[in-house]
Amino acid sequence: MVKQALEQALQKALQTLLVDHPDSMPPVVLNRPKQKDHGDYAANIAMPLARILKRSPQQIAASILETVIWPDAVEHAEIAGPGFINIRLKQASEASVLKTIIATGAQYGRVDVNSQASANDLHKNSQQKINLEFVSANPTGPMHVGHGRGAVVGDALANVLIAVGHDVQREYYINDAGAQIAVLANSVWLRMQELQGEKIVLPAAAYPGEYIIQIASDILTTHDYHGLLEMPADARVKLIGQLSIAANMAMIRADLAAIGINFDHYFSEQSLHQGGHVTALIEQLQADGVVYTGTLPPPKGKEVSDYKPVEQLLFRSTEFGDDVDRPLAKQDGTATYFAADIAYHFDKHQRGFDRMIDIWGADHGGYVTRVQAAMKALIQRDSQPDVMLVQMVNLTRDGKPVKMSKRAGTFVTLREVVDEVGADAVRFNFMTRRVESQLDFDLQAAKEKNNENPVYYVQYAHARIGAILRKARDAGIDAQLIEGFDLEAIDLSMLNAAEEQALIANVLAYPDALKKAAERLEPYRVATYIMRLAADFHSFYHKNKVVSDDAALTAARIVLIRAVRQVINNGLSILGVSAPDRM
RNA sequence: GCGCCUGUAGCUCAGCUGGAUAGAGCAACGGACUUCUAAUCCGUAGGCCGCAGGUUCGAAUCCUGCCAGGCGCGCCA
């Protein structure tokens, strides 16, 4: 590509200039300037060199320009402002990307791991086997809207990472162990008794939702009530617990499928306990000398009336950067959730992943340090897992907050929202913001088909291109031009209107946008990128007619909009949003 | 009290591993449909980038301290 050629040319010039300072060579980075009259690319490389060479940035930039041998595509380069090198390219050199995009289609922007051409590509060596864990909602009820945000972001991130050549496994950790499962089983059992005509009192700790009644009713159709009644309580709780988990997971999977998300792997917490992995892990930590029996101080910052000092098995997480040591076993000797979670992450490591990425809700933020501390102790690796904390979703309708109380059973499920506004609107809207920002999601606005709702804006651009191409077909234009791939003969040099240039520059930037999204684990970048591209297209559309009497110009513009359509399509497919041909 | 996240236009947000004149959408105001889809576009107006210091040739961006909001802080998961 042109950009790499420019960077290499500058790099070479710098090597000549920096012979006396071989170690202090800063990397050459080219930017697309915001101002059009600042050229097609700008390099700020002279500025950081000012200190090293003890000369002014302008002087250094002048030296670079004297030394550099530009590739053919460069028309002009000049020094500007405090020491930028602004580079302007020859007109046709960038437009040729349009043909490349059409030729490569869905592959445009992606790294082709198998291609021979990329044998010496950096990506070949940096390809990672990544485990991406997300959602992991408890199997005690339906997914709520907050889970949905994590789900959508995780799925898109997986797509982004795969697109740049990584090997990604999507994983869901099922918290199917612990006290909550007993609560679930008891809640279901109570409802079963109720369905059998017994009078029941639902304790405050029980799950109140309607779905519990549904599960209870389903179990009654497959299991004999009196048989269950006569079972020992332990066995009954265990059985109903398993059935309820299965029912909830089926519901969760269906909810996920409704927004187009499928996991490669579901990992059960129970399996860790049953396989003895949690005990084995604690033993290993003991052997490493990072476990002791001790007493934790009372928690800070909230009223604790019933605090009693208790001896527990503790992990020395303070040795690995945590504030306080963390318990591995409860008072009754059973393993904590934390212990199982360490075993889980250790298991991921043993499965051979180069990298683990976890997507958690913000309410688990306090948990990051201790898991990373444990991984540091176990596998001597820092910042594993790499945790993305997704901030809360504030659900509103017409600007008024929607009550979200799980306890009262009034929380809005993800499924309800998807059914109301559609999967595309949910997915796109959840991905237009950085995960660090809280997200305001308005049910009414998500249904509006206007400029406030970015999903329709982008899809409309795609559909509009479809309409133009249909029009072109009706006008009798050669089908080869509209849907074929033999476009060598088309002259693109007349695409020099400002809107056309902007579109070309924009589609050219797609691979970089994707790469940046992958590097920084920020899939929202793909969403903002295509919003920008769609805006440029709508703007182009209003000022320039594609199908006209000028056959040569019509041909060039058809190539342009086909390329734009392809890039919008590729971006939307990363986000898991549909790209309709007509709306 | 401590930890993490956030604070940018009236509202919702981009821009944050330092670069040129801080950008979008909504709302406001004024325009554009006999034309390839107006679910769109064009224009006007709107900014102590939370506050105060510091580092730097250069700070919305990095550092420190404060202020405000969100999340969390025993053997719940």
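Residue numbers start from 1 in every chain, and the chains themselves are labelled A, B, ... in the order their sequence lines are given, proteins ahead of strands.
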Roughly how far apart, to the nearest Å, are B:U61 and B:U8 at atom C1'?
-> 12 Å

B:A39 versus B:U44 - spacing of their P atoms, nearest Å | 24 Å

Nucleotide nearest A:E436 (side chain, heavy atoms from C-beta), chosen from B:A77, B:U6, B:A38 = B:U6

Of all the choices, B:C36, B:A77, B:A20, which nucleotide is nearest to the side chain of A:Y541 once you look at every atom?
-> B:C36

Can you check each nucleotide of nucleotides 11-17 of chain B against protein heavy atoms at under 4.0 Å and return B for base, S for sugar-phosphate only, - for none, in 5' to 3' order?
-> -SSSSBB

Partners of A:Y524 by ring-ring contact (aromatic ring centres under 6.0 Å, His included), sequence neighbours excluded?
-> none

What pairs meet the salt bridge (Lys or Arg N to Asp or Glu O under 4.0 Å) rule with one or both residues in residues 550-562 of chain A, with sequence neighbours excluded?
-> A:E500-A:R557

Could you give all pairs that pass the salt bridge (Lys or Arg N to Asp or Glu O under 4.0 Å) test and reach residues 321-333 of chain A, with sequence neighbours left out?
-> A:D322-A:R326

Counting only side-chain N and O atoms of A:R464, is one of them less than 4.0 Å from OP1 or OP2 of B:A38?
-> yes

Donor-acceptor contact below 3.5 Å, side chain A:S383 vs main chain A:D386 = no

Within the structure shown, what part of the strands sits under 4.0 Å from A:A467 by heavy-atom distance: base, sugar-phosphate, or nothing?
-> base

Remember a base hit wins even if backbone is also touched, and classify A:A42 as base, sugar-phosphate or nothing at under 4.0 Å, heavy atoms.
-> base

Please identify each residue that fulfils ring-ring contact (aromatic ring centres under 6.0 Å, His included) with A:F441, with sequence neighbours left out.
-> A:F430

Rounded P spacing from B:C11 to B:G50 in Å | 13 Å

Going through the distances and angles, do A:M531 and A:V458 end up as a side-chain contact (heavy atoms from CB on, under 4.5 Å)?
-> CA-CA 6 Å; A:M531 283 159 72; A:V458 171; 3.9 Å; yes

Inter-nucleotide P distance (B:U17, B:G10), Å rounded | 26 Å

Touch class at under 4.0 angstrom, heavy-atom based, for A:N44 against every strand present | base

All ring-ring contact (aromatic ring centres under 6.0 Å, His included) counterparts of A:Y266, not counting sequence neighbours | A:Y172, A:F263

Heavy atoms under 4.0 Å, any strand shown: does A:N544 hit a base, just sugar-phosphate, or nothing?
-> base

Among the nucleotides B:G19, B:G3, B:C41, whichever has the atom closest to the side chain of A:D323 is B:G3

Would you indicate which nucleotide in B:C71, B:C75, B:C5 comes nearest to any side-chain atom of A:Q391?
-> B:C5

Just checking A:Q459: base, sugar-phosphate only, or nothing, at a heavy-atom cut-off of under 4.0 Å?
-> nothing

Would you mind classifying the nucleic acid contact of A:A463 as base, sugar-phosphate or nothing, using non-hydrogen atoms under 4.0 angstrom?
-> base

Side-chain donor-acceptor pairs of residues 463-474 of chain A under 3.5 Å, sequence neighbours excluded:
{"from": "A:R464", "atom 1": "NH1", "to": "A:H538", "atom 2": "ND1", "distance (Å)": "2.9"}
{"from": "A:R470", "atom 1": "NH1", "to": "A:D581", "atom 2": "O", "distance (Å)": "3.3"}
{"from": "A:R473", "atom 1": "NH2", "to": "A:E483", "atom 2": "OE1", "distance (Å)": "3.2"}

Is A:F84 stacked on the base of B:A20 when the test is centres under 5.5 angstrom and planes under 30 degrees?
-> yes

With a cut-off of under 6.0 Å to the ring centre and 45° to the axis, is A:R370 in cation-pi contact with A:F315?
-> no

Hey, does the side chain of A:Y457 come within less than 4.0 Å of B:C41's phosphate (OP1/OP2), counting only N and O?
-> yes

Determine whether any donor atom in the side chain of A:N86 lies under 3.5 Å from an acceptor atom in the base of B:A20, or the reverse, and answer yes or no.
-> yes

Using a 4.0 Å heavy-atom cut-off across all strands, classify A:M583 as base, sugar-phosphate, or nothing.
-> base

Residue-level proximity of residues 326-342 of chain A to RNA chain B when a heavy atom falls under 4.0 Å | A:P327, A:K330, A:Q331, A:Y337

Tell me, please, which residues at least two apart from A:Y344 pass side-chain hydrogen bond (donor to acceptor under 3.5 Å, both in side chains).
-> A:E171

What pairs with A:H273 under side-chain hydrogen bond (donor to acceptor under 3.5 Å, both in side chains), at least two apart in sequence or on another chain?
-> A:E269

Testing B:U37, B:G3, B:A77 for proximity to the side chain of A:N138, the answer is B:A77

B:A68 to B:C62 separation - P atoms, rounded to the nearest Å = 22 Å

Closest to side chain of A:N175, choosing from B:A32, B:A77, B:C36 = B:A77

Can you tell me which stems RNA chain B forms, taking runs of 3 or more consecutive Watson-Crick or G-U pairs with both distances under 3.5 Å?
-> B:1-7 with B:67-73, B:10-13 with B:23-26, B:28-32 with B:40-44, B:50-54 with B:62-66

What residues form a side-chain hydrogen bond (donor to acceptor under 3.5 Å, both in side chains) with A:K447, not counting sequence neighbours?
-> A:E420

Which one of A:R355, A:H345, A:Q372, A:K376 satisfies the side-chain contact (heavy atoms from CB on, under 4.5 Å) criterion with A:Q384?
-> A:R355

